[in-house]
Amino acid sequence: MPRMITGIKPTGRPHLGNYLGMIRPALDLARSAGAGDGAPLFFVPDYHALTITPPPAELRAAVLDLTATLIAFGLDPDRDILYRQSDLPEVCELTWILGCTCAKGLLNRAHAYKAAVADNLAHGRQADHGIGFGVYSYPVLMAADILLHRAAAVPVGRDQRQHVEIARDVAESFNRAYGPVLVVPEPVVDERMMTVPGLDGRKMSKSYGNQLALAAPPDEIRRWVSRIVTDSRPPAEPKEPDTILALYRGVAPDAEARDLERRYRTGGVGYAEAKALLADAIERLVGPARERHAELMADPAGLRDILARGAGRARESAAGTIAAVRAATGLGWA
Ligand code: TRP
């Protein structure tokens with residue numbers, strides 16, 4: 001039976017795009033039969049976050065913020081295993097071992113690395129200028145996260161699908177060298193899952209500065225929604241689906257989303273009304289979690305305790321794989 005794992009990177013304050021694009025689908029999968037046997041695993045990949053060398057205090061704060069966010073939106077730390085990646089240093093040992101059977105050429109083809117190289121070349125710089133080994137080997141660390149727990153199902157956003165495919169290749173090349181030790185994982189990408197647009201209609205992303213923080217209070221939500229760019233069609237005129245409607249589909253119940261879509265197509269709804277509906281629907285979705293998040297953040301020691309307990313369970317989950325990998329490769333004594 002497939003077991004599920006996913007990691008959510010601690011970079012900045014979590015926003016609505018993170019929630020709709022990956023946190024909610026992963027929590028939905030964890031609560032469904034698709035999660036398979038064994039507790040679903042969620043972790044905060046702080047080793048991965050080091051590729052951008054964040055200030056240490058910011059990194060730790062982001063880990064706690066994300067931990068509180070996941071719990072506020074329904075992760076159950078007693079049932080699910082929630083841990084911080086760096087509390088499981090076995091993942092670094094496995095990264096090295098996997099790197100020894102993983103072809104370097106496989107990593108040359110990773111989208112994130114290729115994009116960094118293309119950017120350098122476009123600016124007349126050397127291909128690898130400023131690209132750290134961490135960025136280059138990022139997919140191997142990610143493979144280790146997954147393979148360490150023999151996880152088979154990995155819910156991710158579309159942008160992470162290739163990384164899970166690389167993890168498959170990494171597992172297969174290890175198994176070719178040493179026998180069938182590792183479970184080959186599958187990406188689970190919800191194809192209906194929209195690319196969540198931000199203020200300007202582009203993908204919601206911190207790097208575009210077009211995001212809405214999940215912890216935003218009601219007045220900030222309203223102000224943010226009011227700034228969504230629209231055309232100037234009056235209420236009576238029919239309208240094409242736009243950013244407002246795309247976000248509404250993500251946050252409102254299906255029937256209400258269909259209703260607004262119909263009114264867009266036939267005419268009879270103005271942007272001001274649509275924006276008010278959207279702001280209300282966002283508030284209904286995030287309001288209760290915002291309060292729970294604030295309570296959790298007020299008790300950092302409690303959050304650290306949750307992560308410590310999760311790490312203990314994660315290390316138990318990883319112990320069998322590390323032992324099997326060491327035995328298969330000739331490390332330690334047989
Ligand atoms: N790379 C993922 C991201 O940027 C985070 C991540 C790290 C991850 N390790 C993982 C996701 C393992 C799924 C499984 O979003």
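In each ligand, atom 1 is the first atom listed, and ligand 1 is the first ligand listed.
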Handout entry: ligand 1 atoms in contact with Tyr138 (distance to a heavy atom under 4.0 Å)
Key = 1 (N), 2 (C), 3 (C), 4 (O)
Practice task
Go through ligand 1 atom by atom and flag the ones less than 4.0 Å from a non-hydrogen atom of Thr6.
Solution key: 13 (C)
Problem - Geometric cation-pi criterion, Lys239 with Tyr271: 6.0 Å, 45° - result: yes
Problem - Per-atom contacts, ligand 1 versus Val154 - under 4.0 Å to a heavy atom - result: 13 (C), 14 (C)
Handout entry: Salt bridge Asp219-Arg222, side-chain N to carboxylate O under 4.0 Å
Key = no
Exercise for the section: Please could you name the atoms of ligand 1 that Lys9 approaches to less than 4.0 Å, counting only its heavy atoms? Expected result: 4 (O)
Practice task
Return the residue, atom name and 0.1 Å-rounded distance of the protein heavy atom closest to atom 2 (C) of ligand 1.
Solution key: Gln160 OE1, 3.3 Å
Practice task
Just need the protein heavy atom nearest to atom 9 (N) of ligand 1, so name the residue and atom and give the distance.
Solution key: Asp145 OD2, 2.7 Å
Fill in the blank from the handout: The closest protein heavy-atom partner of atom 13 (C) of ligand 1 is Gly7 N, 3.4 Å
Exercise for the section: Give a yes or no on this: more than 12 heavy atoms of other residues, nucleotides or ligands lie within 6.0 Å of atom CZ of Arg60. Expected result: no
Fill in the blank from the handout: ligand 1 to His48, heavy atom cutoff 4.0 Å, flagged ligand atoms 7 (C), 9 (N)
Practice task
Would you please indicate if the ring centroids of Tyr138 and His163 are separated by under 6.0 Å?
Solution key: yes
Exercise for the section: Evaluate whether atom CD of Glu291 has more than 12 neighbouring non-hydrogen atoms of other residues, nucleotides or ligands under 6.0 angstrom away. Expected result: no
Problem - Salt bridge flag under 4.0 Å for residues Arg265 and Glu240 - result: no
